[in-house]
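Reading through the structure tokens given below for one structure.
Because only heavy atoms are used, hydrogens play no part in the values below, and waters and symmetry mates are left out as well, while side chains stay in. Chain identifiers are assigned alphabetically (A, B, ...) following the order of the sequence lines, protein sequences preceding nucleic acid strands; residue numbering begins at 1 within each chain.
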Number of protein chains: 2
Amino acid sequence: MNQPLPADLFHDPDCSDRAQPIRVGGKWTAVVLRCLEDGRPRRFSELRVPLHWITPKVLTETLRTMERDGFLTRTAYDENPPRVEYALTALGRSLIDPLDAACAWARAHVPEITEARTAYAQGG
Amino acid sequence: MNQPLPADLFHDPDCSDRAQPIRVGGKWTAVVLRCLEDGRPRRFSELRVPLHWITPKVLTETLRTMERDGFLTRTAYDENPPRVEYALTALGRSLIDPLDAACAWARAHVPEITEARTAYAQGG
DNA sequence: TAGCCCAGTACCGTTGAAGTAACCAGGTGC
DNA sequence: GCACCTGGTTACTTCAACGGTACTGGGCTA
């Protein structure tokens, strides 16, 4: 794990919770987008850090799905130990805008939702 | 069923498929938002039409969740036969903007995703 | 008195996403 | 000969979302 990323810098709590009404892809897709949005390719184990030590199986699934949909590229280098790098494509970068919109909405309105849930739970 | 709504007017195929990368709420939340965005309250069975005859159980679940989160109000009238009306709150209306953004993104980029999936399936 | 109307509820099953734990290969260093 | 590195895979389990069928209640109409 050379130079681990500062974990919570990329891990916007407004975008990752299943309870949020707007979701981009699977549970981890938005976080992967945030990790890669600066354009620098990152390695498998580098991605695990900001993703809170997500298990390799789940990360593999997430990355394969995003690769299949054309959101990122996977480049394997024939070295030892093996090195694989993931980077966003143009299509992947195009998701950043609606993701920002969703995050902005969440930041502005999640307190209202919390309030509404509390009132609902009390009022029956 | 007095004056059934024109079904597919509200049922934007770009926003309803589980395969779409941006999702607002559950599978049916976006469609309910579309049904109610003109501001006119609608009845339970009126909502079932544009939702492709969704079963009452699933519609109840969707509406209860949206009510709990403060996206819509439920008003029951003490009449016979019973009448219940659903209408968006201000918070619910505030979701329309990011929903439009998500739909716009989908309309612009879904063909690319389809293409990427085909290429991925063929290229291995 | 039989059935219809509306707005659900009860019960049950299926599906898919997510998570855990264990294991693997090929090469390096001790 | 053994552990360690990276980048995974495999098998198994758990959980929530989604869906179908059947049924309810209270007043109304035929």
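Look at CZ on B/R42: it is 17 Å from P on C/dC6, rounded to the nearest Å. As a whole-Å value, the separation of A/E61 CD from C/dG16 P is 13 Å. What separates CZ of B/F44 from P of C/dC5 is a distance of 16 Å, to the nearest Å. Atom pair B/E46:CD and C/dC5:P shows a separation of 16 Å (rounding to whole Å applied). At whole-Å resolution of the value, CG in B/L63 and P in D/dC18 are 13 Å apart. The separation between A/E85 atom CD and D/dG7 atom P is 9 Å, rounded to whole Å. Between A/Y77 atom OH and C/dG27 atom P the separation is 20 Å, expressed in whole Å. Going from atom CG of B/L47 over to atom P of C/dG8 covers 10 Å, rounded to whole Å.
Using a 4.0 Å heavy-atom distance criterion, B/Y86 is classed as a sugar-phosphate-only contact. Within the nucleic acid shown, B/R48 has no heavy atom closer than 4.0 Å to any nucleic acid atom.
Between the side chain of B/T62 and the main chain of B/T29, no donor-acceptor pair closer than 3.5 Å is present. Within the 3.5 Å criterion, the main-chain N or O of B/I54 finds a donor-acceptor partner in the side chain of B/R48.
Between C/dC5 and B/R83, no contact under 4.0 Å exists linking OP1 or OP2 to a side-chain N or O. Here A/R23 does not reach the OP1 or OP2 of D/dA17: none of its side-chain N or O atoms lies under 4.0 Å away. Applying the 4.0 Å criterion to OP1 and OP2 of D/dG7, one finds that A/R43 has a side-chain N or O inside that range.
In terms of the salt bridge (charged side-chain N to carboxylate O under 4.0 Å, His left out) criterion, residue partners of B/E61 (sequence neighbours excluded) are, by chain and number, B/K57. When the salt bridge (charged side-chain N to carboxylate O under 4.0 Å, His left out) test is applied to A/E85, the partners found at least two apart in sequence or on another chain are A/R83.
If you check D/dG19, C/dA7, D/dG7 against the side chain of B/S45, the one that comes closest is C/dA7. Comparing D/dC18, C/dC6, D/dG8 by their nearest atom to the side chain of A/V84 picks out D/dG8.
Using a cutoff of 4.0 Å between basic side-chain nitrogens and carboxylate oxygens, A/D38 and A/R42 are scored as salt-bridged. Between A/D100 and A/R34, at least one side-chain nitrogen of the basic residue sits less than 4.0 Å from a carboxylate oxygen of the acidic one, meeting the salt-bridge criterion.
Relative orientation of the A/W105 and B/F71 rings is perpendicular, given thresholds of 30° and 60° on the angle between their planes.
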How does protein contact run along nucleotides 20-29 of chain D, one letter per nucleotide 5' to 3', with B for base contact, S for sugar-phosphate only, - for none, heavy atoms under 4.0 Å? BB----BB--
